[in-house]
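The next block holds one structure in the form of C-alpha cells; read it before the comments.
When a ligand or atom number is given, it counts from 1 through the structure's own listing order.
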Amino acid sequence: MADPARAAAAARRLTPVVRLAPAKLNLTLAVLGRRPDGFHELHSVMVPLALADRLSVARAASPGDTLRVEGLDAGPNADNLVLRAFALTRVAVGRSAEAVPLAARLEKRIPVAAGLAGGSSDAAAAIDAALEAWGRLDPAGAPDPEVAALRAAVATGVGSDVPFFLAAGPALVEGRGERVTPLARILGTAPGVLLVTPAIAAPTPAVFAVFDAGGPASPPDPRSTRRTSEHLATELRAGLDAASLVARAGVLASANDLAAAAATVVDGLAGLRRALTRRLGRAVGVSGSGPTLWVLYPSAAAADAAAADVRRGIDDGSLVAPGQAPPSIIATTLARSAPNEPGNEPGSASTGHATEG
Ligand code: C5P
C-alpha cells in the first residue's frame, strides 16, 4: 500500500507552490556600529505590508532552474535573489534526487531597490517554495527543527534582510539581520501606509558608506534611535493598536539612523520629504536605506486619499520628486495576517489594498 505522506508529497510536487512575498517597512532603524566583517549591527523593528510580490514555483521541464518576471522591472535574472535562493537551498538539502529543477514565475509589485526589501522577500518565499516543492516543508504545519535551522541558515546566506521574512509578522531584527524576534501584530484595524518611492535607486552599500564617513549624514544622537527602537519593541510585545501606532509616527519617522545618509545619496529626497510633511500634515519616515518615504494612517481609506492627493501634486508640479520618471505612489496597509497562512488564499486578501501610480 502507498505511504500516504509520500503520496501527499508527490502530489504537492506536481502542483505549483504559490507564495506571497510581502514588502517590509522599518518602523525604527538604529545602526549600532560597524563590525569587523564590514556589516553593521542593527536594532530595527520591522513590519510586513499587505503590498506583496507573488511567487509561483513548479517543477521545471529544463535541466536547470528558470525564472520569468512579470510586472515591475526587477533587473537581470542572473542577479535575481530567487535563483540564488533556489541554488543555496539545493546545496543545503544536499543536492538530493528530490531537489528537482524549478520553474518560477514572479509577479513583481514591490518597487525595486527601494528600501522595501522586495528582492529579499522574494528570496525568503523562494526558499520555502523550494523546500515545499521538494517535500521538505509541510505548508500546513510548523517546520521540524532541522528544516527550520536549514532555512534560517540559507536565508542569512542570501542576504541580511531575508531572515526577517521567515518570521511572517512584525519582528525585532538585530545583529546583521539574522537575529529575529517575533513581536505581536498590531491589534484591530490594520494601519494604512502611503509609500512614495522616487524613481532613483539608493544602493544600500552606498548609503552605509556615507553613514560610516560621518559628518552631517550621521545621526545627532545614535543612542536616541536605539532607545526609540527598544521602546517600540517593548510596546509591540505587549500589544499595540493602530491608533497608538499612528500616534507614535512622529517619533518613529525620525528613528532611522540611515535617513540622513540616504538623503545625501539621493539628491532631492530631503526636499520631497519636507514637501510631503507640509502637504499631508503628517510625519514622513524613510524605510531602510531609502529612498521610499512612508506615512502612517489610521485606515486604508485614509492612505488611499493621501495617495490620490500626492498623485495630483506630482501631476500639477506642486510636488517634485528626484529621478528621471514620476515616483511610485502606493497606498497599502500593514499586513493583517501571515501572508501564507493556511486558508489565506495567496494573491487575494493580503495584497488587496495596493494601488499603484
Ligand atoms: O546582506 P546584503 O547583501 O543585503 O547587504 C547589502 C549591503 O548592505 C552589504 O554589502 C553592506 O554594505 C550593507 N549592510 C550592512 N550591514 C547590514 C546589512 C547590510 O553594512 N546589517
For this session: Quick one: list whatever passes side chain to side chain donor-acceptor pair (under 3.5 Å) with Arg278, sequence neighbours left out.
Result: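 Arg278 satisfies side chain to side chain donor-acceptor pair (under 3.5 Å) with no residue once adjacent residues are dropped.
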Problem set entry | Contacts of Thr228 that satisfy side chain to side chain donor-acceptor pair (under 3.5 Å) - sequence neighbours left out |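 With neighbours one apart ignored, the set is empty.
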Exercise. So with a 6.0 Å cut-off around CZ of Arg274, is the heavy-atom count from everything else above 12?
Worked result: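 No, CZ of Arg274 has 12 or fewer neighbouring heavy atoms, counting only those of other groups under 6.0 Å.
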Problem set entry | Check ion pair Arg312-Asp309 (N to O, under 4.0 angstrom) |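 A salt bridge links Arg312 with Asp309.
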Problem set entry | Asp37 bridged to Arg176 by N-O distance under 4.0 Å |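 No salt bridge links Asp37 with Arg176.
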Problem set entry | side chain to side chain contact (heavy atoms under 4.5 Å, CB included) involving Glu230 - partner list, sequence neighbours excluded |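 For Glu230 the side chain to side chain contact (heavy atoms under 4.5 Å, CB included) partners, ignoring immediate neighbours, are His43, Arg226.
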For this session: Quick one, list the residues around ligand 1 where some non-hydrogen atom comes in under 4.0 Å, by chain and residue number.
Result: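 Lining ligand 1: Gly38, Phe39, His40, Leu42, Gly159, Ser160, Arg176, Thr204, Pro205, Phe208.
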